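To keep things clear, I will list the structure first and then write my remarks on it.
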2 protein chains.
Amino acid sequence: MRGIFTYLVIMLSSQANLASNQAQVNPHVSVDCVIFGFDFEELKVLLIQRQESPEGTAGSWALPGNLILDNESLDQGAYRVLRELTGLQNIFLEQFQAFGDPDRVRRAEDIAWLTYMRDQPNARVITVAYYSLVKLMDFEPTPSSWARNVDWFPIGAVPSLAFDHNSIVSEALSSLQRHLRQRPVGFELLPPKFTLGQLQRLYESILLVELDKRNFRKKMLKKGILVPLDEKQRGVPHKPAQYYRFDLERYEAVAQGDFDFTPAV
Amino acid sequence: MRGIFTYLVIMLSSQANLASNQAQVNPHVSVDCVIFGFDFEELKVLLIQRQESPEGTAGSWALPGNLILDNESLDQGAYRVLRELTGLQNIFLEQFQAFGDPDRVRRAEDIAWLTYMRDQPNARVITVAYYSLVKLMDFEPTPSSWARNVDWFPIGAVPSLAFDHNSIVSEALSSLQRHLRQRPVGFELLPPKFTLGQLQRLYESILLVELDKRNFRKKMLKKGILVPLDEKQRGVPHKPAQYYRFDLERYEAVAQGDFDFTPAV
DNA sequence: ACAAAAGTGTTTAATATACACCCATGT
DNA sequence: ACATGGGTGTATATTAAACACTTTTGT
């Protein structure tokens with residue numbers, strides 16, 4: 001019961017907005033967010049579990065998403081969904097693709113769920129997909145507040161999802177891989193201070209390659225966008241590592257648009 | 001009058017479809033196409049000129065685009081718009097971004113035009129933008145058939161366009177530039193046989209750089225995706241150039257996904 | 001003491017860059 | 001003959017790749 005309540009609060013908050021500032025839900029356009037996090041070991045995706053509807057729909061997993069409001073942009077809609085779900089703001093968000101197959105809603109349980117949740121359950125909906133990079137430490141969904149309704153899944157163990165959400169996740173990963181090679185987006189997944197080992201494991205687990213430690217360090221440090229801090233790891237059962245931070249100003253000064261981290265396989 | 005007639009045929013053909021196969025126009029989602037062509041000298045964009053409406057709207061230029069039908073995918077919608085406009089099929093088409101600012105329709109003349117053309121002129125519309133690469137030789141809009149309604153514009157001399165179409169063109173160019181460095185998309189803009197000089201000018205005019213002839217040839221030929229033909233240029237007032245063709249099988253065999261043409265500035 | 005990850009350099013191969021002259025054709 | 005773009009090679013600098021051992025800490 002608790003899970004259902006929380007979930008309804010999220011899904012219906014646009015209705016609250018509607019009441020307070022006249023915004024109308026657009027029945028044909030939604031946004032979906034693929035939220036990536038990194039726990040220093042592997043890449044994870046945040047999924048929500050739909051509640052079981054009165055009609056007995058199974059509580060299958062899905063991407064967080066919702067219809068947009070008529071007075072908000074696509075980006076604003078995606079931010080709103082993220083904020084409502086995670087409470088986080090100032091999150092890295094990138095639109096990567098629109099999905100509009102006429103039969104992206106075809107499974108019986110998806111239709112049942114829409115019937116239960118939406119005013120116009122049969123409206124043709126196209127969805128604009130975003131991926132988001134969050135510092136996983138900032139938002140670890142706790143069993144107490146979210147029950148079984150929200151959880152991180154390893155990117156390699158995503159279950160069967162609602163609608164076309166498995167395709168969306170897969171395209172999000174491709175986009176992230178491409179962007180990671182070209183722009184310094186990886187730092188969005190790490191805390192403000194991090195070690196080179198953590199950064200390397202991030203690249204390895206997103207690009208699905210193994211990298212040589214010495215070459216990785218040389219290459220990364222030569223870019224001149226990392227600055228060492230006066231601080232080292234503590235409490236680790238091995239030689240403590242130097243902490244670094246990403247220097248945005250230096251990046252913008254040095255490489256105007258060119259990052260180009262293209263590791264060998 | 002002729003121009004208006006032709007244009008109406010294009011814009012209303014979805015209505016014809018509606019009558020024949022029950023397809024409904026979706027009032028909230030459109031597709032817009034940025035059609036690129038290359039005349040061996042510079043990159044061009046195909047624009048259409050809206051007819052002057054009875055309300056006296058100026059005949060401003062715009063991207064070809066239209067609302068989608070409820071039974072077609074986004075890709076199919078974009079293909080349909082392209083086919084209706086150019087008569088061409090099997091065209092290279094790539095979705096690159098959705099645009100959904102609530103105020104992307106704000107100029108008086110845009111509103112007047114929608115009022116004239118659409119059933120629900122005030123509906124919030126988000127548009128999914130595609131860029132398309134065509135062999136310009138296959139489709140040179142002739143003054144006789146299109147009058148002043150369709151024309152190629154150099155990418156550097158695009159006039160002020162309707163709605164947010166100037167932003168869309170600019171983002172399309174960025175996407176094309178990015179893709180050209182990473183994938184062999186340039187050949188879509190060239191005829192089946194072309195010279196290395198033509199290919200170089202294509203890269204130069206899209207990426208807006210000057211390239212060294214010798215290095216360009218070495219680099220391009222080393223990829224092993226071009227095959228020389230038994231044919232040379234004829235009728236040119238200089239040493240005739242060797243013709244080449246792009247070999248797709250060879251590309252797919254050799255470079256699995258990696259093209260990486262990253263020229264120096 | 002041992003386990004575990006941090007940290008460090010050199011050699012070799014591949015790739016990128018800069019650069020200048022002769023060639024074949026149409027007019 | 002001349003103008004025009006086609007075609008070619010080499011030397012140098014930069015970047016990528018392969019590779020192994022010592023260090024520091026917690027247990």
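Just so it is clear, the model here is predicted, and its values are computed rather than measured. Every chain is numbered from 1, with letters handed out A, B, ... down the list of sequences.
In this structure B:Asp75 satisfies the side chain to side chain donor-acceptor pair (under 3.5 Å) test together with B:Tyr130, sequence neighbours excluded. Applying the side chain to side chain contact (heavy atoms under 4.5 Å, CB included) rule to B:Ala241 yields the partners B:Thr195, B:Gln233; only residues at least two apart in sequence or on another chain are considered. A search for side chain to side chain donor-acceptor pair (under 3.5 Å) contacts involving B:Glu188 returns nothing, not counting sequence neighbours. Under the side chain to side chain donor-acceptor pair (under 3.5 Å) criterion, A:Tyr131 pairs with A:His179, not counting sequence neighbours. Legend: residues meeting side chain to side chain donor-acceptor pair (under 3.5 Å) with A:Arg104, ordered by chain and number and at least two apart, are A:Asp164. Checked against salt bridge (Lys or Arg N to Asp or Glu O under 4.0 Å), A:Arg245 has the following partners two or more places apart in sequence or in another chain: A:Asp247. With sequence neighbours left out, A:Glu42 forms a salt bridge (Lys or Arg N to Asp or Glu O under 4.0 Å) with no residue at all.
For B:Phe187 and B:Phe194, the ring centers sit closer than 6.0 Å to each other.
Contacts classified as salt bridge (charged side-chain N to carboxylate O under 4.0 Å, His left out) and involving residues 229-238 of chain B (residues at least two apart or in different chains) are given here: B:Lys193-B:Glu231. Residue pairs that meet the side chain to side chain donor-acceptor pair (under 3.5 Å) test with at least one member in residues 167-177 of chain A, sequence neighbours left out, do not exist here.
Counting to the nearest Å, the P atom of D:dG6 and the OH atom of B:Tyr243 are 11 Å from each other. Going from atom CZ of A:Arg181 over to atom C1' of D:dA16 covers 15 Å, rounded to whole Å. The distance from atom NZ of B:Lys219 to atom C1' of D:dT8 is 19 Å, rounded to the nearest whole Å. The distance from atom CG of B:Leu199 to atom P of D:dG5 is 17 Å, rounded to the nearest whole Å. Taking atom CZ of B:Phe194 as the reference point, atom P of D:dG6 lies 14 Å away to the nearest angstrom. For the pair B:Met220 CE and C:dT17 P, the computed distance is 14 Å after rounding to whole Å. Per the geometry, CD belonging to B:Glu210 stands 15 Å off C1' belonging to C:dC19, to the nearest Å. When rounded to the nearest whole Å, the span between CZ of B:Phe216 and C1' of C:dA18 equals 18 Å.
Cation-pi geometry between A:Arg183 and A:Phe92 is not met: the NZ or CZ atom fails to fall both under 6.0 Å from the ring centre and inside 45° of the normal.
Residue contacts shown for B:Gln242 are limited to sugar-phosphate atoms, with no base heavy atom under 4.0 Å away.
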With the criterion being N/O to N/O and under 3.5 Å, what pairs connect the protein with nucleotides 8-12 of chain C, and how long is each?
from, atom 1, to, atom 2, distance (Å)
C:dT10, O4, A:Lys218, NZ, 2.9

Dump every N/O contact between nucleotides 25-27 of chain D and the protein below 3.5 Å, one line per pair.
from, atom 1, to, atom 2, distance (Å)
D:dT25, O2, A:Pro237, O, 3.1
D:dT25, O2, A:His238, N, 3.1

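For A:Lys222 and D:dT15, the shortest distance from a side-chain N or O to OP1 or OP2 is below 4.0 Å.
The stretch residues 224-232 of chain B does not touch DNA chain C, since none of its heavy atoms comes less than 4.0 Å from the strand.
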